[in-house]
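Working notes, structure below.
One-based numbering, in listed order, for ligands and for the atoms of each. What you see below is based on every heavy atom in this structure, not just the backbone, and it leaves out hydrogens, waters and symmetry mates.
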Amino acid sequence: SSPAVSLPQFKFSPFDSPDFCSQIITPTCNTTFSYIDDLNKNIRPSLAELVKTSYFKYFKVNLDKQCKFWNAQHFCATENCAVEILSPDQYNWTNVTNPDLKPSRLGKIERAGSTAADGSIETEEPDTCEDLDYSHIDDDHQCVYVNLLNNPERFTGYGGNQSFDVWKAIYSENCFPNTNPMSMISEEKEQCVEKNLFYRVVSGLHASIAVHLSNEYLNAETGEFYPNLKVFMERVGSFNDRLSNIYFNYALVAESLVKLAEVLPLREFIQSGYDDISPAQQQHLLENNAVDPQDKYDDLLLNKIIPSLGSNPLFNTSTLFDPKSVDPKLKDEFRARFKNTSAIMDCVGCDRCRMWGKIQIIGYGTALKILFESEDPNNADKLRFRRIELVALLNTFDRLSKSIAAINNFKELYLSHLEDVKKGLAQPGDYEKKHNDKGGFDFPFFSTPNIDTTEKEETSPKRKLPPQPKKTVNTKSTNKLYHIDAEKLKDASKRTIVDEFKIAVNEVWEAVRFVLLSYRDLPSNLYKMALIHLNNFWNMLIGRPGVYEYESNIKLDKENQAYQKLFSD
Ligand SMILES: Cc1cc2nc3c(=O)[nH]c(=O)nc-3n(C[C@H](O)[C@H](O)[C@H](O)COP(=O)(O)OP(=O)(O)OC[C@H]3O[C@@H](n4cnc5c(N)ncnc54)[C@H](O)[C@@H]3O)c2cc1C
């Protein structure tokens, strides 16, 4: 039965919009944001309940897989970045009744008679379904089971150059060669919507992770986690594009769930998790609270969540990867590159971050597979879904849903800060300080109701360039060999041949001086670089990932950038 929801009717078809690249969900589309806010409020309790059920809370993952792109270290000494792994006897699902029962990749339970000589669980290869997969799924003897509820996604301290490199590698996957034939004709087509889709998914994931880590930020003194408005504003709140990409991903995953319910008999699929179990065993599992009753899934997922999401179309994918307008190879390229991002996840140094990174990339991969492969008649026989994909999809949706709830909470915190400023209880500069370079603190996204677009455009927080040094010749500089009059410097017609000669000598001297000074500074620069690397190495050795970064990250980054510039110069 459909839930009683009354939501405003509107059609949100981002891809129909000509300015799709920049304007899917922006402050100019208030209804879109507020629609998703309302929708989320409506389904949040059911979704939060659903991810606590036995089907959705266990995740199978290989946390020891080596990074195949560079020599990345997996390290974890603090409990914040550690993952609590289930011992076999804790994993009730497989052991309550019969230790011979193991969950398979296809969501069915098989007899352990198929265990290979090396102790690994041999599972049937699911035909060719991997051809259509947008992510790698761990399924080897190194895999462990994790109860996601015991390992929340929150602040871990992971950061600095290590996480920066991972993000950089992930974003670089978006630089695929242009396969859009139209781009040969039209410049603007070069930024094809499919590439923007890739970018927005990654950016939305990145922003959502930042929301979670700022929403549950560690207070180093008390050891408690709390919502840190300042961190939120610095990483997400002041960037409308990042905020909108979270909403974008929400719409994308929600639409994929609605579509999945159309192409897959979800009830039977979830039920098949208990296949091969006799009615008596099933009863036994239920009595031991090892699994939740099917009624619960019916009620939460099929009766509440999916009908609410499906009450209005959220995402129109019909024009994407249209073979009439783009090279058919674009989809294969997109799929392969997105799949690569799931392999990059093995390069994340912190265990907890790696695990949630993998879950979410598999979740988005599953959403993309549903949206872009399920309607293709050529795929009718090949399309398969595994339990782990459904688990990842729902948990990814829960992450986004929790992000949106947290964003609204941060909005309240920010508005109450503004009230405090009005009453004189807080300093107006409390949050603005960091944002001076943006020309004052403004938060159009948060002041959504009935904003005038033109005004908003003008006041939106655009990053102002820091004052640039003026390109004038300093005639008083003692570094020059000859003094030249300012007038002559400005106006070439007033110069004599001797002046020209002196200017040329000054320029050569300046270049020679720069080279000589670089040599003079080299030992001290090398010493500083060695210190930075030793510091990195030491923190890694004692398992203090990222702690130093949070204290001196900005300083270190600046120094690193200065050195990089120095050497590239
Ligand atoms: C897969 C993965 C999972 C992680 N999980 C966690 C976790 O669970 N808990 C935790 O505490 N840390 C986690 N981290 C680390 C976290 O994402 C940050 O990298 C870290 O907190 C350092 O943040 P930063 O502000 O230095 O910039 P970063 O977040 O590392 O960003 C680097 C640069 O990317 C750009 N950027 C930032 N956000 C966006 C965006 N949304 N869209 C486009 N560009 C952007 C900015 O230019 C920024 O300077 C994870 C990292 C990775 C790679």
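- Residue nearest to atom 7 (C) of ligand 1, selected from Gly157, Gly160, Ala169, Cys353: Cys353 (by heavy-atom distance).
- Applying the salt bridge (charged side-chain N to carboxylate O under 4.0 Å, His left out) test to every pair with at least one member in residues 208-229, sequence neighbours left out, gives these pairs: Glu216-Lys402.
- Under 4.0 angstrom from ligand 1, the non-hydrogen atoms of Thr156 come from both its backbone and its side chain.
- Counting heavy atoms only, Tyr171 comes closest to atom 43 (C) of ligand 1 of the residues Phe155, Tyr171, Trp167.
- Among Met345, Arg235, Arg242, His206, the residue whose heavy atom lies nearest to atom 46 (C) of ligand 1 is Arg242.
- Atoms of ligand 1 lying under 4.0 Å from at least one heavy atom of Phe164, given by number and element, are 32 (C), 33 (C).
- In this structure, Glu153 has a heavy atom closer than 4.0 Å to ligand 1.
- If you check the side chains of Ser135 and Ser342, you find no donor sitting under 3.5 Å from an acceptor.
- A salt bridge links Arg44 to Asp398: one of the charged nitrogens lies within less than 4.0 Å of a carboxylate oxygen.
- Not close to ligand 1: Lys168, with no non-hydrogen atom less than 4.0 angstrom away.
- Short contacts between ligand 1 and Tyr158, defined as distances under 4.0 Å to a heavy atom of the residue, involve ligand atoms 12 (N), 14 (N), 15 (C), 20 (C), 21 (O), 50 (C), 51 (C).
- Note on ring orientation: taking the six-membered ring where Trp is involved, the planes of Phe321 and Phe372 are perpendicular (angle over 60°, cut-offs 30° and 60°).
- For the pair Arg337 and Phe198, the cation-pi criterion (under 6.0 Å, within 45° of the ring axis) is not fulfilled.
- Using a distance-only test at 3.5 Å, with no hydrogens or angles considered, a donor-acceptor pair links the side chain of Glu389 to the main chain of Arg386.
- Ring centroid separation for the pair Phe155 and His212 does not come in under the 6.0 Å cut-off.
- Remark: Lys339 is not positioned above the aromatic ring of Phe334, lacking an NZ or CZ atom under 6.0 angstrom from the ring centre and at most 45 degrees off the axis.
- Taking every heavy atom of Val166 and a limit of under 4.0 angstrom, the matching atoms of ligand 1 come to 53 (C).
- Proximity to Arg154 (heavy-atom distance under 4.0 Å) selects the following atoms of ligand 1: 7 (C), 8 (O), 9 (N), 10 (C), 11 (O).
- Near Val348, meaning under 4.0 Å from one of its heavy atoms, ligand 1 places the atoms 1 (C).
- By the criterion of a heavy-atom distance under 4.0 Å, the side chain of Tyr199, and not its backbone, is placed next to ligand 1.
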